[in-house]
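To keep things clear, I will list the structure first and then write my remarks on it.
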Amino acid sequence: MTELPSIRVGPSRSPASGPQEDKLPSSEPSVSDPAEVEATHGPSVFRVENLFFYYGDHLALRDITLDIRPREITSLIGPSGCGKTTFIRCLNRLNDLIPGTRLEGRVEFDGESLYGPDVRAIELRRRIGMVFQKPNPFPKSIYENVALAPRMNRMKGNLDDVVEESLVRAALWDEVKDKLRASAFSLSGGQQQRLCIARAIAVRPEVILMDEPCSALDPVATFRIEELMEDLKNDYTIVIVTHNMQQAARVSDRTAFFTVDTSQGGRTGVMVEIGATSKIFTAPSDQRTEDYITGRFG
Amino acid sequence: MRRRRRFLDLTFWGLALLAFVCIALPSLSIVGSVIHQAVPVLGWSLFTQRTNALGIENAILGSLLLLVGVLVVAGTIGVAGGVYLAEFAPARLQRFLRFFSDVLAGMPSIVVGYIGYVTLVVAFHWGFSLLAAVVALSVLVLPYIVKTTEVSFRQVPTTLREAAAGLGLPRSKTVWRILLPPAASGVISGLIVALAISTGELAPLLFTAGFSDQNPTLQLLHHQVPYLTSVTFTDLALPGARAHATAAAAAAVSLAIVVILIAAGRLMTVRARRATRGMAL
Ligand SMILES: Nc1ncnc2c1ncn2[C@@H]1O[C@H](COP(=O)(O)OP(=O)(O)OP(=O)(O)O)[C@@H](O)[C@H]1O
Ligand SMILES: [Mg+2]
C-alpha cells in the first residue's frame, strides 16, 4: 500500500521550496506541498488528518489525510462501497445522526477543529451546505423549500429576494418563477435537484458538499448542474462525490481517489491519492488509480 | 388457462365481498336496532332535558367535556411522548418506554378504573370528579396515541431529517416544521381513534366520574360528571320501556359522536395528506 504523507504546514517553508504539483514525478504521492498551496489558494477550507471512521465495529474509513482548498471543485471518486458518502458526511457532521458511529482523527474546518467539544454541529452545518444523491425537497411549496431555512435562521434581508437570488443562482428561476407556490413535488427530478441546490445556497454557506448530485438525472439535467457548479465555484468551495469519471474530469480541479482495502481484513475505505484532476486522469501515481480510471476495476 | 384465471379472479372478488358483508352487516344492524329502539324518546326534549326528566342533555355535555379533557391531557402527553420516542430518545430509554407503554396498553380498563379510584378518588381526595375521570380515560388511551404518533414519525423518510440537518436547522424546528406535516395524518388518526375509544368506555368512569343529574361544570375536583355510557348502562337495568328507549338513545348519541369524530378526522387527514402529496414515503 502506498504510504500517504500527512499534510503538515511548515510555517518556515517558503512557497518556492515546494515542488510544483503538476510536475511531480509520478512515483511520488501527489499531495502537494501545503505551503505552496497556501500561497496560491489561501488556507485550506478542510484539513483532514488521519481520519478513521467506524459504523459500530466496522471500520469504514482508514487513515484519510487530505485537504480541500477554497473555491475549487474537489471530486471524490472510487468504487461503490469505498466510503465516499461516509467521508463527505464527515465534513458536515451528518454522520452524527447515525447512532453507533465513531470518528477518530482530526477534521479542521476553516482552521478550527470540526469535532471539538464545544463545536455546535447545527451552526456549523449552516456554513456547509449539502446536496444529496436523491433530490429530497421538503413536502412544501417551491418558495417555502428555499425560504424555510433562511427564515428560521433569522437571516437578514428580504426573504423574497433571497428566494429569487438562490433560484436564479441554481438556474431554476425561469422555470418556476410563475409557480412558486406550487408543490416542490410538481417539479421534475432534475428541477428538484436544482431546487435542493437553491435551498442549500439560500443559507449562504461557504462550502457545498454534493453526494452524487446527478446520479438520478438525465444528461441534459446533468449538464445544467455541471454548468451551475462551474459558476458556483467562483464563490463557493465544492466537494462532489461522483461515479461518473467524465464528470469528475470535466468539472473538478482536484480529484481524490478512494478504494476498498481488504488487506487488513474487512472492507475498509482508504484514499489512494489526491491531486490535480488532470494529473490523476493522465498520470496517476498509483497503479490502483490507473486501473480504476482505465476501467480495469469494478 | 384464461378461464382458470377468470375463475380465480371471481373467487377472489367473491371472498372480498363476503368479508365486507361480514363486517358491514353486524355494524349496520347494530346501528339500525339502536336507533329503532331509541325511537320512542327521540325528540327535542332528549337534548334539552336532563336525566332527571327523561332527557340526556347533561350526559351529552359531560361526555363531550370528558372528550375535550382526554384530548388535552392524553393528546398532549401522548403526542409529545411519541415524538420523543421516535426522534429524541436514546435506544435504551426507547426500549424501556416501549415496554412500559405496552404494559399500559394491556391493562384491562376496569383495572385502570379501580386504580384510579384507589389513588385519585380516595387517596388524593379528588372525589368522583372530572379530573379523576379524565386522568383514568387518558391513561387508558395514552399508549395508543404514543404508538400511532411514534409510527407516523418513523414513517417520514430519513432523507428529510438529513436535508434539514444539512441546512443547520435545530432538531426541535425540524420536528415541528419538517416532520410534523407529513406525519400529521397518522397522528390525527391516532387521536381520533383514541377519542372514539374514550367515547365508548364505561369501566374506568364507573370508578372515577360518578354521575349527576346536573349539567357538568368546569370544576375539576369534587364534582361528579354525568356521561352517556352510564345512561345506557343504568337505564338498561331499570324496568320500563321508556328507560330502555333512553338507554338506546344515549347509545345512539355515543355512536353519532364517534361517527362525527371519524368524519372530522378524515377531513383533517385528507387536508394533511394533500400537503404532502407526491412525496415518496
Ligand atoms: N448507516 C450505515 N451503517 C452501517 N454501515 C454503513 C452505513 N452506511 C454505509 N455503511 C458501510 O460503509 C461502507 C461505505 O459506504 P458508503 O456509503 O460511504 O460508500 P460509497 O463509497 O458512498 O458507495 P456508493 O458509491 O455505492 O455510494 C460500506 O461498506 C457500507 O456498507
Ligand atoms: Mg455513496
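The sequence lines fix the lettering, A, B, ..., with proteins before strands; numbering per chain opens at 1.
At most 12 heavy atoms of other shown residues, nucleotides or ligands fall within 6.0 angstrom of atom CG in B/Leu218. Counting non-hydrogen atoms of other residues, nucleotides and ligands closer than 6.0 Å to CZ of B/Phe96 gives a total of 12 or fewer. Heavy atoms from other residues, nucleotides or ligands lying under 6.0 Å from CG of A/Asp57 number 12 at most. Remark: A/Arg151 CZ is packed, more than 12 non-hydrogen atoms of other residues, nucleotides or ligands lying under 6.0 Å away. The environment of OH in B/Tyr114 is sparse: at most 12 heavy-atom neighbours from other residues, nucleotides or ligands sit within 6.0 Å.
Interface remark: A/Arg199 contributes backbone and side-chain atoms alike to the contact with chain B (heavy atom separation under 4.5 Å). Neither the backbone nor the side chain of B/Ala91 comes within less than 4.5 Å of any heavy atom of chain A. The contact between A/Ile128 and chain B is made entirely by backbone atoms, counting heavy-atom distances below 4.5 Å. Neither the backbone nor the side chain of A/Gln192 has a heavy atom closer than 4.5 Å to any heavy atom of chain B.
Here the shortest heavy-atom pairing between B/Pro170 and A/Ile122 reads CA-CD1, 3.7 Å. Residues B/Ala163 and A/Phe138 approach most closely at CB-CE2, 3.8 Å, considering heavy atoms.
Using a 4.5 Å cut-off on side-chain heavy atoms (C-beta onward), A/Leu97 and B/Thr158 make no contact. Residues B/Leu167 and A/Pro205 fail the side-chain proximity criterion, which asks for heavy atoms closer than 4.5 Å.
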- Begin from the C-alpha positions of B/Glu162 and A/Arg89 and carry the test side chain to side chain contact (heavy atoms under 4.5 Å, CB included) through to its verdict. CA-CA 10 Å; B/Glu162 290 178 344; A/Arg89 289 164 58 113; 3.0 Å; yes
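Of all the listed residues (A/Asn153, A/Asn92, A/Leu94), the one sharing the greatest number of non-hydrogen pairs under 4.5 Å with chain B is A/Leu94.
Looking at A/Asn136, its side chain never comes within 3.5 Å of a backbone N or O of B/Leu160 through a donor-acceptor pair. Formation of a donor-acceptor pair under 3.5 Å by the A/Lys140 side chain with backbone atoms of B/Arg177 is found in this model.
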